[in-house]
Chemist: 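Could you have a look at this structure, given as structure tokens, before my questions?
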Amino acid sequence: MTKDERIRELVSTLNHAADAYYSLNEEIISNFEYDSLYDELLSLEKETGTVLENSPTQRVFTQQTVSKLKKVKHEYPALSLNKTKSAAEIENWLGSQKAVLSWKCDGLTVVATYRGGKLVSVCSRGDGETGEDVTHNAVYFKGLPRTVPYKGRLIVRGEALMKFSEFERINSLVPETEAKYKNPRNLASSTVRMLDSRESREREIHVFAFDLVFTDDEEQNAKNSLNDNLAYLEKSGFEVVEHCVVTRENAANKIEEYKAKLPLNDFPSDGLVFVFDDIKYGRQLGSTGKFPRNGMAFKWEDATEVTVIREIEWSPSRTGLLNPVAIFDTVELEGTEVSRASVHNVSVAQSLALGIGSEVEVYKANMIIPQIAKTVKSTGETVIPSVCPLCGGETFIKDNDGIKTLYCGNPACPAKNVGKFAHFCERDSMNIVGLSEATLEKFVDAGFIKSLPDIYRLERFKDNIISLDGFGEKAYQNIIDAVNASRNVTFSAFIGSLGIPNVGKNTGKLISAFFGENALEKFIKTAAEGESFAEIDGIGETVSDNIILWFAENRAEFDGLIECLNISDDAVVGEDAPFAGKTFVITGAVFQYPNRNAVKAEIESLGGKVASSVSNKTDYLINNDVTSASGKNKKAKELGIPVISEEDYIKMLPR
């Protein structure tokens with residue numbers, strides 16, 4: 001293959017991968033492999049002088065999907081930064097200038113405009129020239145104030161992202177047998193761009209401001225300092241990205257300091273950003289057409305290890321998706337032992353040619369998520385199972401614009417039902433202690449449970465259950481006691497337990513509050529008649545459609561459950577409730593409650609709210625380790641929010 005042919009091949013591969021990543025939130029090659037191929041292309045372009053018009057070195061990628069969101073032309077183009085993995089290159093670029101170093105947050109860049117002290121519009125970065133209007137969602141973003149003290153005109157850039165804690169919270173609501181969300185960046189991107197804000201506001205998005213693009217405040221402009229602008233934004237109510245001023249002499253040391261802090265961050269970051277502090281100097285440098293010359297992005301050199309693939313595990317989920325996971329000889333990366341990594345989908349597995357015994361290079365993406373960088377020595381193509389490893393049903397591949405995923409075609413696959421049953425029995429649903437996923441699998445395989453109402457008829461199989469390996473009279477009775485205890489349930493918990501897509505206990509509470517008395521009766525009537533639930537604040541058309549469709553397809557099972565349960569209306573919490581208007585954050589272990597969810601339930605019953613992270617809207621942080629140096633404690637102290645122990649909280653309870 002000639003060098004020109006290799007350039008064309010690289011351009012095609014990289015463009016296809018980038019379009020899939022930005023348009024479909026899908027990875028068909030790893031970030032590591034993309035960067036390696038990109039660097040190879042850049043080197044060949046410099047060597048040969050051949051640069052194709054559609055080369056990714058000249059092209060800005062963004063979401064290209066057909067969208068109903070309004071397109072917005074940027075007044076000030078938002079170009080991406082050139083990148084390097086060399087501290088020496090950063091030092092040479094700095095020269096005698098000072099620069100502001102900050103985290104390169106991994107989310108979606110947004111541009112916010114203020115007039116008269118009010119937020120008037122927010123749009124996504126898009127292709128740098130044109131973005132999409134996301135104002136309807138942005139009014140709920142954390143860290144982005146609705147109003148600012150300055151009454152003139154401000155344009156601010158920030159990174160909209162989902163913190164790891166919020167990402168884990170959302171994934172914790174997904175049953176173990178259902179496909180989890182893959183990473184915070186993809187989930188944040190899709191949330192920011194949702195059409196219905198009633199759906200997006202149920203997910204917490206944070207915005208870290210990193211640039212004051214424009215202000216007609218002459219006094220502020222005269223300061224001509226990016227660092228001063230960030231301080232100005234922070235005083236105005238913005239949550240500003242962590243930053244510091246560096247010079248050529250201390251840049252390398254600061255890179256190492258930030259690298260050491262990376263594992264402690266609650267937000268995704270894929271590197272650092274350096275921008276000249278002298279704003280006028282930076283603007284005078286101009287740009288290359290794709291990259292402005294006033295800044296550089298620094299990406300981490302990933303630590304890698306070579307290991308051997310021992311198995312490709314295809315894990316069936318409640319949706320039928322079979323998720324490929326590579327299992328390999330244990331290696332140590334970034335201080336922890338790693339032996340498995342998600343391979344995302346069939347396309348990625350095939351591109352890596354992962355055969356049993358293949359030698360692969362593994363790393364941690366952003367020093368956190370184990371991934372396979374490349375195959376060092378392949379023993380052959382990945383074997384795609386023709387039958388589901390759980391039920392033996394025939395599998396099939398879906399091809400979505402070149403991205404292949406594997407599914408089990410058996411509608412009666414136990415994984416699909418076990419996932420539904422497990423979700424129903426979870427602590428945050430019906431709280432049936434003892435009916436774990438492993439136990440449910442045994443009961444499903446034995447034919448004891450075929451539908452949800454069967455859970456309440458297990459007494460029929462007493463002798464069979466007692467005779468099962470690992471069971472006995474006591475274990476059986478514990479399960480029956482837990483099943484019977486769950487018969488008395490509130491409407492919201494019941495609705496949240498059913499496994500309706502995108503409907504959990506919180507959505508059940510919204511429906512309960514809307515219907516009020518006799519909520520179950522009104523719910524049945526609305527769903528049976530196909531009336532929309534979207535008029536309920538917090539529920540969009542998509543969720544409404546999910547409820548109506550689920551009810552139509554599962555009416556017999558629903559009615560069977562009602563016969564087994566005593567479903568009561570949720571307690572109405574008035575404005576005079578003890579914790580009305582108060583927001584708590586709970587972190588660390590609790591000792592006088594079964595778990596943190598029990599504390600959360602109590603707070604909500606007393607009119608309060610429980611958030612996942614500390615912000616200026618938090619009233620109390622509950623942490624038994626009051627003096628710890630955790631991120632939440634540090635944030636609370638910075639904002640002047642009381643950090644209280646479990647004992648302190650209990651003293652606040654009404655007597």
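We number each residue from 1, following the sequence as shown. Here the structure is a predicted model, which means the values were calculated and not measured.
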Chemist: In terms of the angle between their ring planes, are F494 and F558 parallel, tilted or perpendicular, with boundaries placed at 30° and 60°?
Modeler: tilted
Chemist: Under the criterion side chain to side chain contact (heavy atoms under 4.5 Å, CB included), I'd like the reasoning laid out for L322 against Y407: C-alpha separation, chi angles, the key distance, then a yes or no.
Modeler: CA-CA 5 Å; L322 289 161; Y407 285 85; 6.0 Å; no
Chemist: Backbone N or O of K522 within a donor-acceptor pair of the T526 side chain at under 3.5 Å?
Modeler: yes
Chemist: Measuring from atom CH2 of W550 to atom CZ of R555, what distance do you get when rounded to the nearest 0.5 angstrom?
Modeler: 10.5 Å
Chemist: Given I547, which of N502, L498, I511, I495 fulfils the side chain to side chain contact (heavy atoms under 4.5 Å, CB included) condition?
Modeler: I511
Chemist: Test the K609-F584 pair against the cation-pi criterion, namely NZ or CZ under 6.0 angstrom from the six-membered ring centroid and within 45° of the ring axis.
Modeler: no
Chemist: What do you reckon, is NZ of K261 surrounded by more than 12 foreign heavy atoms closer than 6.0 Å?
Modeler: yes
Chemist: What's the spacing between T395 OG1 and L321 CG if we round to 0.5 Å?
Modeler: 11.5 Å
Chemist: Is it true that K462 and E473 have a side-chain N and a carboxylate O under 4.0 angstrom from each other?
Modeler: yes
Chemist: How far apart are the closest heavy atoms of S613 and E204, and which atoms are they?
Modeler: OG-OE2, 2.6 Å
Chemist: Answer whether the closest heavy-atom distance between the side chains of T405 and I397 falls below 4.5 Å.
Modeler: no
Chemist: Is there a donor-acceptor contact under 3.5 Å from the side chain of N323 to the main chain of N345?
Modeler: no
Chemist: Mark yes or no for whether N624, through its side chain, and I644, through its backbone, hold a donor-acceptor pair below 3.5 Å.
Modeler: no
Chemist: Nearest 0.5 Å, what's the CD1-NZ distance between I466 and K474?
Modeler: 14.0 Å
Chemist: Please check if any side-chain donor atom of N633 sits under 3.5 Å from a side-chain acceptor atom of N623, or the reverse.
Modeler: yes
Chemist: Is R340 salt-bridged to E313, cutoff N-O under 4.0 Å?
Modeler: yes
Chemist: Can you check whether C425's main-chain N or O pairs, donor with acceptor, with S429's side chain at less than 3.5 Å?
Modeler: no
Chemist: Report yes or no: does R487 contribute a side-chain atom to a donor-acceptor pair with the main-chain N or O of Y456 at less than 3.5 Å?
Modeler: yes
Chemist: For a salt bridge (charged side-chain N to carboxylate O under 4.0 Å, His left out) check, start with the C-alpha distance between E529 and K525, then their side-chain angles and the critical distance, and finish with the verdict.
Modeler: CA-CA 6 Å; E529 294 179 359; K525 183 177 184 297; 3.3 Å; yes
Chemist: Ignoring hydrogens and angles, tell me if any N or O in the side chain of H423 forms a donor-acceptor pair with the backbone of V418 under 3.5 Å.
Modeler: no
Chemist: Any Lys/Arg nitrogen of E166 or K142 sitting under 4.0 Å from an Asp/Glu carboxylate oxygen of the other?
Modeler: no
Chemist: Of all the heavy-atom pairs spanning S451 and F421, show the shortest one and how long it is.
Modeler: C-CE2, 3.7 Å
Chemist: Could you walk me through whether T307 and D329 pass side chain to side chain donor-acceptor pair (under 3.5 Å), step by step?
Modeler: CA-CA 6 Å; T307 184; D329 291 340; 4.6 Å; no
Chemist: To check you understand the geometry: which heavy-atom pair defines the closest contact between M162 and L187, and what is its length?
Modeler: SD-CD2, 3.4 Å
Chemist: Looking only at heavy atoms, what is the nearest atom pair of S339 and T330, with distance?
Modeler: CB-OG1, 3.5 Å
Chemist: Kindly give the heavy-atom pair with the smallest separation between D106 and L161, and that separation in Å.
Modeler: O-CB, 4.3 Å
Chemist: When you compare the side chain of M652 with that of K582, does any pair of heavy atoms fall below 4.5 Å?
Modeler: no
Chemist: Please round to the nearest 0.5 Å and tell me the distance separating atom CZ of F491 and atom OG of S512.
Modeler: 6.0 Å
Chemist: Taking the six-membered ring where the residue is Trp, are the ring centres of F167 and F267 under 6.0 Å apart?
Modeler: no
Chemist: Please check if the side chain of D648 supplies one atom and the backbone of S645 the other of a donor-acceptor pair under 3.5 Å.
Modeler: yes
Chemist: Does any part of the side chain of L621, heavy atoms only, come nearer than 4.5 Å to the side chain of V585, both counted from C-beta?
Modeler: yes
Chemist: For the rings on Y620 and F579, is their centre-to-centre separation under 6.0 Å?
Modeler: no
Chemist: Classify the ring geometry of F448 against F461: parallel below 30°, tilted from 30° to 60°, perpendicular beyond 60°.
Modeler: parallel
Chemist: Do Y649 and E602 have side-chain atoms, one donor and one acceptor, less than 3.5 Å apart?
Modeler: yes
Chemist: Looking only at atom types and distance, does a side-chain atom of T583 sit under 3.5 Å from a main-chain N or O of D619, one as donor and one as acceptor?
Modeler: no
Chemist: Can you establish whether the number of heavy atoms outside K634 located under 6.0 Å from its atom NZ is more than 12?
Modeler: no
Chemist: Decide if atom CD of E531 counts as having more than 12 heavy atoms of other residues, nucleotides or ligands within a radius under 6.0 Å.
Modeler: yes
Chemist: Measuring only between side-chain heavy atoms, which start at C-beta, is I567 closer than 4.5 Å to N488?
Modeler: no
Chemist: How about F523 and F533: are their ring centres within less than 6.0 Å of each other?
Modeler: yes
Chemist: Hey, is the main chain of A326 close enough, under 3.5 Å, to the side chain of E311 for a donor-acceptor pair?
Modeler: no
Chemist: For E638, look at atom CD and say whether over 12 heavy atoms of other residues, nucleotides or ligands are found less than 6.0 Å away.
Modeler: yes
Chemist: Does P268 offer a backbone N or O that forms a donor-acceptor pair with the side chain of R185 under 3.5 Å?
Modeler: no
Chemist: Provide the closest heavy-atom pair for S486 versus V483 in the form atom of the first, atom of the second, distance.
Modeler: OG-O, 2.7 Å
Chemist: Could you tell me if D266 and S165 have a donor-acceptor pair between their side chains, going purely by distance under 3.5 Å?
Modeler: yes
